[in-house]
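Each remark here refers to the structure printed beneath this line.
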There are 2 protein chains.
Amino acid sequence: MEKTIMKNLLHCPVTATMEVIGGKWKLLIIYLISNDINRFGKMGMMLKNISKQMLTTQLRELENDGIIERKIYAEIPPRVEYFLTAKGNSLTPVIERLRDFGMEFLIPREEASVDQLHV
Amino acid sequence: MEKTIMKNLLHCPVTATMEVIGGKWKLLIIYLISNDINRFGKMGMMLKNISKQMLTTQLRELENDGIIERKIYAEIPPRVEYFLTAKGNSLTPVIERLRDFGMEFLIPREEASVDQLHV
DNA sequence: TGATGTAGTCATTTATTTCAGACTAATATT
DNA sequence: AATATTAGTCTGAAATAAATGACTACATCA
């Protein structure tokens, strides 16, 4: 075997996807947005231990990767809302498989809780 | 909405799975093992920029999470081989979806290369 | 007049990861 | 007797990531 693997893995779609969703808060943010918690302040409240800076960074990265969209309303005080793009919504099968694996192998059935925000 | 989300997410199967596979080198290591590159030294050679310590850490975590198994042969010099467990093999659907998303949205078709180690 | 609310930015400090390199065990080979 | 081999461990240093707290803009409300 050659050592071409590293070169290949630069273009590996698995690795590439992990880079997009792998950030500490990214799937959580996607989850919040898909549940209409899509403003900076609200998100910050839900993600108890996140700093503003971290939240900003994660949102910007998701935006740059085309997963979410940022809509600025010309109001004062400022209002910004985030939405999933079509690309972002295409992550659904990935997330479902992550969930399946977690439910089957990692989380005791009774304790599992997903997709319920207790609004 | 209450702030129960953080409590819930402690048991979120999506997050739990990400914790298992999210480590920088873990999917690569799983990939190598599934291609019979399953000894410490060989893996270290393939993963060009990994340190021994890092490799050890990742392998131990995967082992503790039940994804891989460690077989020690009582020989000198020492021989240790790693194998995927049934649980580890159950990650296949997850990895396939990660790949699908990457191929469709992240990697230009011509450049994509997965599952080919050029042995 | 002064406080309030939103969505941030920026500089500095602190915490967490990761790396580099020396070291080990025990046997076979030269 | 010295060297090679494998799969690591250990310590201290360097690099990266993340948190903290101050600061901004501008209209509206009290």
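In what follows, every chain begins at residue 1, and chains take the letters A, B, ... in the order their sequences are listed.
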Grab the two heavy atoms, one from B:M43 and one from B:L59, that are nearest each other, plus how far apart they are.
-> SD-CD2, 4.1 Å
Cluster overlap B:I72 with B:I67, hydrophobic side-chain contacts below 4.5 Å = yes
Rounded to the nearest Å, what distance is computed from the CG atom of residue A:N38 to the P atom of nucleotide C:dT6?
-> 14 Å
B:L59 atom CG is separated from D:dG8 atom P, nearest whole Å, by 7 Å
Could you grab the distance from atom CD1 of A:I68 to atom CD1 of A:I29, nearest 0.5 Å is fine?
-> 7.0 Å
Quick one: A:Q58 CD to C:dG8 P, roughly how many Å, whole number?
-> 14 Å
Below 3.5 Å between N/O atoms, which protein atoms pair up with nucleotides 9-15 of chain C? Just atom names and distances, please.
from, atom 1, to, atom 2, distance (Å)
C:dC10, N4, A:Q53, NE2, 3.4
C:dA11, N6, A:Q53, NE2, 2.8

Are any of B:R79's side-chain N or O atoms less than 4.0 Å away from OP1 or OP2 of C:dT27?
-> no
Would you indicate, yes or no, if D:dG8 has its OP1 or OP2 atom less than 4.0 angstrom from a side-chain nitrogen or oxygen of B:Y82?
-> yes
Under 4.5 Å between any side-chain heavy atoms of A:T56 and A:F40, yes or no?
-> yes
Tell me: CD of A:E75 to P of D:dT28, nearest whole Å?
-> 11 Å
Output yes when at least one side-chain N/O atom of A:R70 is less than 4.0 Å from OP1 or OP2 of C:dG8, else no.
-> yes
List the atom of A:I33, the atom of A:L84, and the distance in Å for their closest heavy-atom pair.
-> CG2-N, 3.8 Å
Within a strict 4.5 Å, meaning less than it, do heavy atoms of the A:L32 and A:L47 side chains meet?
-> yes
Kindly say if B:R39 contacts the phosphate of D:dT6, meaning a side-chain N or O under 4.0 Å from OP1 or OP2.
-> no
Atom-pair distance (NZ on B:K24; P on D:dA17), nearest Å | 8 Å
With respect to the side chain of B:I76, which nucleotide from C:dG5, D:dA19, C:dA26 is positioned closest?
-> C:dA26
Please state how far atom NZ in B:K48 lies from atom P in C:dT18, giving the value in whole angstrom units.
-> 20 Å
Would you mind reading off the distance between A:E61 atom CD and C:dG8 atom C1', rounded to a whole angstrom?
-> 16 Å
Evaluate the side-chain proximity of A:I50 to A:K24: yes if any heavy-atom separation is below 4.5 Å, no if none is.
-> no
Nearest-nucleotide check on DNA chain D, B:P78 vs A:M54; residue mapping nearer the 5' end is B:P78
In whole angstroms, the gap separating P of C:dA25 from CD1 of B:I72 amounts to 18 Å
